[in-house]
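In listed order, ligands and their atoms are each counted from 1. Being a predicted model, the structure only gives us computed values, none of them experimental. Residue numbers count from 1 along this sequence.
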Amino acid sequence: MDIEIIEMAERKAKFLLRNSSPAMANALRRTMLSDIPKMAIDRVEFHLGPIMVDDKEYESITPLFDEIIAHRLGMVPVPTDYTLFTYQDECPCGGVGCPSCTIMYSLNKIGPCTVLSGDLLPLGNPELKVKDEFVPIVELADGQAVLIYCIALMGTAKKHVKWQVANGVGYKYMPVVSADPEKASSPAALRCAEICPKKVFEVENGKLTVKRPLDCSLCMTCIEESEGSGVTVEGSEKDFVFKFETDGSLTAQQCLDKTLEILSSKASGFKMQIEEI
Ligand SMILES: [Zn+2]
């Protein structure tokens, strides 16, 4: 299969998957959703008891249950660098926890305030600060405080959605739209430009032209409601328009590279198993 990038932004991408099959496009989608490793906060320790700040005593209490705060912290995107981190159970430390398999964060706030994800501070490397800094975690009233230590570990979305890097992953058959030049000036053809909900066509010099074929959703409105227009629309069965976004823990390019690496190693593993039978 070939990949032709249409758009590659930091957190979202769109590309053409060519010379492939629906099965392969779906395998790519499923791998991207569930097999890409990332770091996410997995252990949260809450300080209990009073907290003294500038001779004022604050109570370690919030309006939310600790479990809800822990869950929200788990969903905050944590930057992931494969050259720095590995799975804890594969780490040379033997799963005890070390700088190669864990990131530690502290969160220390006193009320009144809204605690935000950006208040999570990494212990050590400042580049490991969380990606989205404005995710509200909890609202503190006057006299309330939180002191939390968190540990982020590497995992995949097979275990929990907090380890899911990609979202909005989807594909469609690549639309192949054409307009017969001999009929392009006919009223039926010109009507296609008006009725197409995706604005695929434009009228230039009194003739219908196909302007944005990839925007076509194969709804077939132009075919069904404007007979004799000379327009043909079909979905290619071996080319796909694929798009996805990431939560920021990896860039879209890193996510795509890792997906292809994992899919390729899975395919080689499967091939080896078949050959052994
Ligand atoms: Zn370790």
Side-chain angles (χ1 to χ4, degrees), residues 10-11 30-48 60 66-109 115-133 135 137-138 146-167 169 244-270 272-273:
E10 173 153 1
R11 290 195 186 190
R30 293 177 68 116
T31 305
M32 194 172 269
L33 279 175
S34 60
D35 292 332
I36 313 295
K38 66 166 274 199
M39 301 295 284
I41 289 172
D42 191 48
R43 291 173 201 159
V44 183
E45 191 183 312
F46 290 82
H47 171 84
L48 301 173
S60 294
D66 291 355
E67 290 87 340
I68 297 175
I69 296 176
H71 180 259
R72 288 185 175 183
L73 292 172
M75 302 299 283
V76 173
V78 171
T80 300
D81 185 340
Y82 295 130
T83 59
L84 295 179
F85 301 106
T86 181
Y87 290 107
Q88 192 161 50
D89 54 5
E90 292 172 8
C91 184
C93 73
V96 184
C98 72
S100 298
C101 60
T102 56
I103 309 176
M104 278 198 76
Y105 290 93
S106 70
L107 199 167
N108 189 359
K109 291 291 281 184
V115 180
L116 300 173
S117 51
D119 296 321
L120 280 165
L121 299 177
L123 305 185
N125 189 350
E127 287 182 11
L128 297 174
K129 197 155 177 16
V130 298
K131 284 292 181 180
D132 288 324
E133 300 198 350
V135 181
I137 305 296
V138 66
V146 281
L147 174 56
I148 297 174
Y149 290 98
C150 320
I151 293 176
L153 300 177
M154 190 173 276
T156 67
K158 278 182 180 164
K159 193 171 175 191
H160 193 284
V161 74
K162 69 186 174 186
W163 281 298
Q164 183 174 317
V165 176
N167 46 63
V169 187
F244 68 94
E245 295 178 13
T246 79
D247 67 350
S249 51
L250 294 176
T251 64
Q253 182 70 59
Q254 288 170 327
C255 179
L256 180 58
D257 292 346
K258 194 69 185 173
T259 306
L260 295 171
E261 182 192 318
I262 291 172
L263 196 56
S264 166
S265 77
K266 274 185 175 182
S268 335
F270 184 56
M272 273 169 57
Q273 284 177 352

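Scored by the salt bridge (charged side-chain N to carboxylate O under 4.0 Å, His left out) test, R11 finds D132 as partners (sequence neighbours excluded). Residues satisfying the salt bridge (charged side-chain N to carboxylate O under 4.0 Å, His left out) criterion with E261, sequence neighbours excluded, are K258.
Within a 6.0 Å radius of CD in E45, other residues, nucleotides and ligands contribute 12 heavy atoms or fewer.
C101 pairs in a side chain to side chain contact (heavy atoms under 4.5 Å, CB included) with only one of the listed residues (E90, Q88, M39), which is Q88.
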Subject >> Candidate pair N108 and S106, rule side-chain hydrogen bond (donor to acceptor under 3.5 Å, both in side chains), full reasoning >> reply: CA-CA 6 Å; N108 189 359; S106 70; over 6 Å; no
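For the Zn ion (ligand 1), protein N, O or S atoms under 2.8 Å: 4 in total.
Within the structure, the salt bridge (Lys or Arg N to Asp or Glu O under 4.0 Å) test picks out the following pairs touching residues 148-158 (sequence neighbours left out): D35-K158.
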